[in-house]
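Here is the structure we will look at.
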Amino acid sequence: MSAASFEASFGDYFAISQLLSRTVNLLDASRLEEWVDCFADDGRYYVLSRENYERKLPLKLFQCDNKNMMHDRVLSLRQANVVNIHRDQHVTGLPQLAKNADGTFRADSGYALYTTDQGGISQLFGVGAYMDTIRIESGQALFVERNVIVDTFSIPNMLSTPI
Amino acid sequence: METQTISWPAKDLSRIPFAMYHSPEVYAQEQERIFRGPTWNYLGLEAELPSAGDFITTVIGDTPILVSRDEQGKVHALVNRCKHRGAVLRREACGNAKDHSCIYHQWRYSLAGQLESVPFQRGMKGEGGMPADFDKSKIHLDELKVEVYKGIIFATFSAQAEPLLDYLDAPVVYEIDRLFAKKIKVLGYQRQRIFGNWKLYNDNVRDPNHGGLLHMFHATFGLYRLSQVGGAKLDRKHRHNITFNQLGTDDAEANAGYSDTKKVFQSEYQLRDTAMLQNKKEFADPVTLVILSVFPGVVFQQIANSLCTRQIRTRGLNEMELYWTYFGYEDDDQAMTDHRLLQANLCGPGGYISMEDGEAVEIVHKASFTAQDQHAIVEVGGKGEIRDSGNLISEMPVRGFWSYYCELMGIEPGSAEMAKQAAAQTPLQKAAA
Ligand SMILES: [Fe+2]
């Protein structure tokens, strides 16, 4: 990354770090309704396989073009879908930041996601990368767009909760 | 042989022995008699390899397959294994090449699978290399018989296989003609790794009854309910299945069937963004859901405007991968492509209405392991003769799958010999008696 592209203040860096950690902590605590609040009003959320991403194929695993679609994912998980009973644990890497021309930040980070079953047995669900566009307004960072590129794209059992 | 100790008490296949999902001997026989037997196996779509030199790698059962388009445009299905030392020949998922060379010793094959060159065939200065009688013209990658229908590539290992269209039979051909009436374009892939025997997924897709009971998204938001107009159609051998249904054809009275279930039908919940649920009418008929399962390992899907193929890839006795190929039509405008992509949220490993199938297969696989002398009950929709169903409350196509499976495996369900074995007690039962 060029020095010129890196103009984040400590305040910006702090706000972005707080957003990134809050997002996965909310998922791990199954506070999915609050997870939606990590997105700006015009926010978008996509989960896509490394396979499609590298072959420039547009298909996603989750495609939420707006926050209503995120709410619907959560509603369906709560009320309709039957999921494998598990708890999530994300382990995320430090973000690499760059500033976009429109003043938003680009943040790239890695993740590993483990799931633990009711018997206390944990398994790696997958690894991958977050490629985020983040906007900071009055000190608060929110996702404009979160792309989850899934390296472990042969999804074990099912993809139920967001990554 | 292991299969002969497995009991098949019901001639009409209304009882399936759980041991069939767990026996290593059965699994090995399936690879030989089903996947390398007289069946037609889905390999991919022509749209995935449009040009000369294009190739994809896939599997039939556990056998690695290289699908290669030669200079003349002909599609070849080759076992993806070098004839020299048995190494995987093409390691990439897809690509374009002038020939296929093994990385191990650089044996080079044509796009049609013919061995063309071996490095240092004559050695150096009269020493080393291949013997004088080595004839590379006699060495060709193992090649399967290919038939392409409507851009779908099928192959068989067996010279005894009937012609593809006879194998598919009229009801299936009708659905393929409908779904592949226009040239398609691939939108992407999804993969779902399921820890269960491959036949459990075949059972799953031949069981329309579970659609409105397990996949609660359907029922909750009204997309697919057992009370809607639909049914199941079979080919003459009952090995394939077409489950179909029409949106919005149920009423309050029909929904009363859900009265003794919890959580299944909940009219009070509504999605905030219903764009995904819209069906943009594109077929002449009113059918909005088709799940077409072709023996032994592929499903063709229309769910509203979401179209895909699902290939069942075996990964040993206890694991399988579902390989989903999503497509639209070449003449789709951007709005239609966007709609198909949005609607892809409905299926796949994260699909609103399909994510549960992985879990269903896994919990059956897990618990049936310790019940290998017991049998699954397959009676929904009736016993006896296997026939088409006029509604979705049926699992009769499951019996159809097993009837052809048994034919290929040489199993005679309900025969006197088998019945005798069924009556024989296990040591544990004897001890209990
Ligand atoms: Fe299902």
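Letters A, B, ... mirror the listed sequences (proteins, then strands); counts begin at 1.
Within the 4.5 angstrom heavy-atom criterion, atoms from both the backbone and the side chain of Q63(A) approach chain B. No part of C347(B) comes within reach of chain A, as not one of its non-hydrogen atoms sits under 4.5 angstrom from that chain. At a 4.5 Å heavy-atom cutoff, the contact between S160(A) and chain B is made by backbone and side-chain atoms alike. Interface remark: L75(A) contributes side-chain atoms only to the contact with chain B (heavy atom separation under 4.5 Å). If you measure heavy-atom distances from R73(A) to chain B, the contacts under 4.5 Å come from both the backbone and the side chain. If you measure heavy-atom distances from Y352(B) to chain A, the contacts under 4.5 Å come from both the backbone and the side chain. Heavy atoms of N52(A) lying under 4.5 Å from chain B belong exclusively to its side chain.
Taking the ring centre of Y46(A) as origin, the terminal cationic atom of K60(A) falls inside the region bounded by 6.0 Å and 45° from the ring axis. With a 6.0 Å cutoff to the six-membered ring centre and a 45° limit on the axis angle, R310(B) does not count as a cation-pi contact of Y323(B).
Using the six-membered ring where Trp is involved, Y329(B) and F327(B) have ring planes that are perpendicular, over 60° apart on the 30 and 60° scheme. Aromatic ring pairs are classed by plane angle as parallel below 30°, tilted from 30° to 60° and perpendicular above 60°; the pair F300(B) and F180(B) is perpendicular. Taking the six-membered ring where the residue is Trp, H215(B) and H210(B) present perpendicular rings, their angle passing 60° and hence far from 30°.
Between chain B and the options V83(A), N84(A), D65(A), heavy-atom pairs under 4.5 Å are most frequent for N84(A). Looking only at heavy-atom pairs under 4.5 Å with chain B, the residue among V150(A), I155(A), L57(A) that has the most is I155(A).
Heavy-atom proximity under 4.5 angstrom to chain A picks out M355(B), E356(B), G358(B), E359(B), E362(B) from residues 354-365 of chain B. Using a 4.5 Å heavy-atom cut-off against chain A, the contacting residues of residues 186-196 of chain B are V186(B), L187(B), G188(B), Y189(B), Q190(B), R191(B), Q192(B), R193(B), F195(B).
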**Asked** Could you walk me through whether F143(A) and W35(A) pass the ring-ring contact (aromatic ring centres under 6.0 Å, His included) check?
**Response** CA-CA 11 Å; F143(A) 293 110; W35(A) 166 81; 8.7 Å; no

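A salt bridge is defined here as a Lys NZ or Arg NE, NH1 or NH2 lying under 4.0 Å from an Asp or Glu carboxylate O, and R87(A) with D28(A) fails to meet this definition. The residues D338(B) and R340(B) are annotated as not salt-bridged, no charged nitrogen and carboxylate oxygen being separated by less than 4.0 angstrom. Electrostatic pairing of E330(B) and K185(B) does not count as a salt bridge here, judged by no charged N lying under 4.0 Å from a carboxylate O. For R272(B) and D72(A), the salt-bridge test fails: no basic side-chain N is under 4.0 Å from an acidic carboxylate O.
Of the residues listed (D102(A), D12(A), D41(A), D42(A)), the one engaging R135(A) in a salt bridge (charged side-chain N to carboxylate O under 4.0 Å, His left out) is D42(A), and it is the only one.
Side-chain contact check for N279(B) and T288(B): no donor-acceptor pair (N or O, by modelled atom type) lies under 3.5 Å.
You'll find the ring centres of Y111(A) and Y130(A) inside the 6.0 Å limit. Outside the 6.0 Å centre-distance limit, the rings of Y21(B) and W198(B) are not counted as a close aromatic pair.
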